[in-house]
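Below, chains carry the letters A, B, ... as their sequence lines are ordered, and counting in each starts from 1.
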Number of protein chains: 2
Amino acid sequence: MTTIKDVAKHAGVSVATVSRVINATGYVHEDTRRKVEDAVKELNYTPNEVARSLYKRKSRLIGLLLPDITNPYFPQLARGVEDRMQESGFRLIFGNSDESKEKEKDYIQTFIQNNVVGLISSTNDPDSSAYTSLDLPVVFLDRIASDRPSVYADGREGGRLAAQALMERGSKRITILQGPQHIRTAQDRFRGAAELLEDQAIDYHVVRTESFAFADAEKWARQLFDQHPETDGVIASNDIVATAVLHEAIRLGKKVPDDVQVIGFDDIPLSSLLSPALSTIRQPAYDMGRAAAELLIALVEGTPVVNRTIQMPVAFVERDTTHKKR
Amino acid sequence: MTTIKDVAKHAGVSVATVSRVINATGYVHEDTRRKVEDAVKELNYTPNEVARSLYKRKSRLIGLLLPDITNPYFPQLARGVEDRMQESGFRLIFGNSDESKEKEKDYIQTFIQNNVVGLISSTNDPDSSAYTSLDLPVVFLDRIASDRPSVYADGREGGRLAAQALMERGSKRITILQGPQHIRTAQDRFRGAAELLEDQAIDYHVVRTESFAFADAEKWARQLFDQHPETDGVIASNDIVATAVLHEAIRLGKKVPDDVQVIGFDDIPLSSLLSPALSTIRQPAYDMGRAAAELLIALVEGTPVVNRTIQMPVAFVERDTTHKKR
DNA sequence: CCTCAATGTGTAACCGGTTACAGCCATACA
DNA sequence: TGTATGGCTGTAACCGGTTACACATTGAGG
């Protein structure tokens, strides 16, 4: 490995001068600069980030903590984050937390040990001491921390949109799958939907669900049609759960959307490929990832930030599990 | 941030002794050890990995380079890698290459600058100088580099299995979607299928395809039924492409599997959720990720390795886009 | 001709760890 | 009693950069 000393020797200058050239700081004579640049090129030198990071107590690394990259919603977030970070020369250290506090703490610990300059996390508990006691810039992604930087979609509005879509398309006996209690964004969606249905004095039922995993979702889908067989409209807590509902409905010989309409949440890539294609509330996951990255970069670089919490818009995506409107 | 000096002062010993305690090296008196351990606990000290890494010229970081985490096949690989690495205390620096050599080089560069101890890559060109000139352990994942460590599925056998499955289930006029020419694993699948059909003297056509993206796949699906309308069996280059074929078949009013059978490759999570659910050749993506991680760890730690190239088994997964066999 | 500021460069300390080496003490053994 | 040996600890060099500071040179202005 070639070091700054090699370059200095090769160019016949001191390491300080080489450092000045590669960082474009201080005074360097034009001729000297050229000599150094030639040496750098000739020796194919690139500075060791570790040494830099040690002295500066800052790296170009960002920690990214997601519950599970295997869940089809998260790759899009991750990609958005990565693309934006890459544009500004930051790299990602990545971890799956499996929603376990233990793992989260573990990762945060090693992130710090590696001098990351910031952290993007989709945690269920932004108020845990693991985060509050951190003196790193943190941005919460797809999660809400009232007074701290976060980027999330307008779940409340999403819930309303879903309820309204079903209503307008003739569903009378709606069942809402509530989504995990400990995930604030899921509860916002639920509240949005429930709220609107109550306003409109529409009859609805609620089925509690505990996770977003498909295997569990099948169970709740069964339970849904078991307990509320008269249901003619389902608002699922996300697209995975909606898919399970769709399958169960078909298994029971119900026609979708004629016997029962289904709406999901997220608009993961899968949704448009199902048959019937899933109507859903779209979250702009990729853009959310980018926005979070952008926000974090501003925080890291000390650029003044006007909006520390960014709420992204959601939209109803009409496909084939809901009636065409007129 | 508390440093080793703080701990040393607090415990009334030298930094060397503290270092010995936390690394369990050299001689340390039992009483001293306890004092140091207490100080560590009290100050909540964890060693700075960056400083360590600088002196040792080795970190606990691994580079992971995938084409696109947004493609549903890769998260499973990534997760496998991550889980195994995590078990041995390694962290991942992650990047999407988009199959661009430029980006690959860029990432490899910064991986090196961060003293990663190894690299796992799904590159299309393992023989590029970017890899051959590297003096880091590299494991190629889902890609084949004849003489260098790699983990991949048996595509040839997969192709054969696919062809055989269609044949046994009565397809007479089979079309194979060839898959990108520059991806060796895709060509192996193709060759396996073509091989078997030739052996059995079965009539088949080939449609060339250039990528795995869904948007492109729709185009080729159209082309397929356009050029070879009599096709009664399709071997797709992967599940994404198979999904597009499935959609096109349904759009054309063809019954699947009665008019045309379809087989994919990969068995991504999506496949079982489609209706009809997609029959496919399964690659054990998660396990492949784990295996690659395991191999790399052995390489990094200098453990003797017997098999530097690991070929994982594939299997036919019978679902609803092929006839049930009797 | 003197002074001062701007330009240009090198020396050495520093970041936070690891480790070679030297030195000290206690015990064992001749 | 002298000496070798093992146990234990501290000092300081080192990893590869950055930067404070000192110093030299040059040209402008009085």
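Taking only side-chain atoms of Thr3(A), from C-beta outward, the nucleotide of dT18(C), dT19(D), dG17(D) with the closest atom is dG17(D). Checked against dT18(D), dG16(C), dT18(C), the side chain of Asn48(B) finds its nearest nucleotide in dG16(C). Nearest to the side-chain atoms of Tyr45(A) among the listed nucleotides dC15(C), dG17(D), dC15(D) stands dG17(D).
Of the side-chain N and O atoms in Ser19(B), one or more sit less than 4.0 angstrom from OP1 or OP2 of dT18(C). Look at Arg52(B) and you'll find a side-chain N or O under 4.0 angstrom from OP1 or OP2 of dT18(C).
In this structure, Arg91(B) forms no cation-pi arrangement with Phe111(A), as its terminal cationic atom is not both closer than 6.0 Å to the ring centre and no more than 45° off the ring axis.
Spacing between atom CG of Asn115(A) and atom P of dG17(D) amounts to 16 Å, rounded to whole angstrom units. We find that CE of Met1(A) is positioned 8 Å from P of dG16(D), with the value rounded to whole Å. Rounded to a whole Å, the NZ atom of Lys56(A) is 15 Å from the C1' atom of dA20(D). Distance, Ile4(B) CD1 to dG10(D) C1': 13 Å, rounded to whole Å. Residue Lys5(B) contributes atom NZ, which lies 13 Å from atom P of dT11(D) at whole-angstrom precision. Distance NZ (Lys9(B)) to P (dT11(D)): 13 Å, rounded to an integer number of Å. For the pair Arg57(B) CZ and dG17(D) P, the interatomic distance rounds to 11 Å; values are reported in whole Å. In this structure, CG of Asn114(B) is placed 14 Å from C1' of dG16(D), rounded to the nearest angstrom.
With sequence neighbours left out, Val15(A) forms a side-chain contact (heavy atoms from CB on, under 4.5 Å) with Ile4(A), Lys5(A), Ala8(A).
At least one side-chain heavy atom of Asp142(A) sits less than 4.5 Å from a side-chain heavy atom of Gln283(A). With contacts defined as side-chain heavy-atom distances shorter than 4.5 Å, the pair Pro149(B)/Leu299(B) qualifies.
Remark: aromatic rings of Phe140(A) and Tyr131(A) are close, center separation under 6.0 Å.
A donor-acceptor pair under 3.5 Å links the side-chain atoms of Asp68(B) to the main chain of Thr70(B), judged by distance alone.
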When you compare the protein's N or O atoms with those of nucleotides 7-13 of chain C, which come within less than 3.5 Å of each other, and at what distance?
residue	atom	partner	partner atom	Å
dT7(C)	OP2	Tyr27(A)	OH	2.3
dT9(C)	OP1	Thr32(A)	OG1	2.5
dT9(C)	OP2	His29(A)	N	2.8
dT9(C)	OP2	Thr32(A)	OG1	3.1
dG10(C)	OP2	Ser14(A)	N	2.9
dG10(C)	OP2	Ser14(A)	OG	3.1
dG10(C)	OP2	Thr17(A)	OG1	2.8
dG10(C)	N7	Arg20(A)	NH2	3.3
dG10(C)	O6	Arg20(A)	NH2	2.5

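By the 30° and 60° cut-offs, the orientation of the rings of Phe94(A) relative to Phe94(B) is tilted.
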